[in-house]
Amino acid sequence: MKYFLKLFISISILILISLQPLQAKEIDQKELQVLTDAIFMEARNQSTLAQYAVGIVILNRVKSKRYPDNVEQVVFQSFKKGVYQFSYL
């Protein structure tokens with residue numbers, strides 16, 4: 001339970017700091033769940049800072065013109081058939 005509290009705090013900080021520049025883009029509940037799952041699966045046994053970094057990478061990609069413009073599409077983007085950027089997929 002303590003771990004989930006840390007994860008929740010990390011995600012909350014991530015959202016408060018990183019989403020503010022996106023002003024025109026809001027993350028809906030489904031995207032938030034995908035972001036939470038990606039952070040947990042990629043960095044569940046890492047420090048809070050590592051979890052934060054995973055979230056920042058995803059959100060920076062959402063802001064970039066080189067990647068899809070929403071969290072779900074960034075996380076599930078396939079570069080080759082069956083090859084994904086995030087290892088838990």
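This chain uses plain numbering: 1 for the first residue, then up along the sequence. Please read these numbers as outputs of a predicted model, since none were measured by experiment. No hydrogens, no waters, no symmetry mates; every other heavy atom, side chains included, goes into these values.
Atoms OG1 and CD, from T36 and Q51 in turn, are 11.0 Å apart once rounded to the nearest 0.5 Å. Atom OH of Y67 sits about 14.5 Å away from atom CD of Q73, to the nearest 0.5 Å. Considering CD of E72 and CG of D28, their distance stands at 8.0 Å, rounded to 0.5 Å.
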- request: Might you work through the side-chain contact (heavy atoms from CB on, under 4.5 Å) test for Y52 and I39, ending with a clear yes or no?
  value: CA-CA 8 Å; Y52 179 80; I39 292 170; over 6 Å; no

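Summarising the geometry of I58 relative to A38, their closest heavy-atom pair is CD1-CB, 3.6 Å, with the distance given to 0.1 Å.
For the side chain to side chain contact (heavy atoms under 4.5 Å, CB included) with E31, the lone residue among N70, V74, V75 that qualifies is N70.
Q46 pairs by the side-chain contact (heavy atoms from CB on, under 4.5 Å) definition with A43, A50, not counting sequence neighbours.
Here the side chains of V71 and L32 are not in contact, with every heavy-atom distance at 4.5 Å or above.
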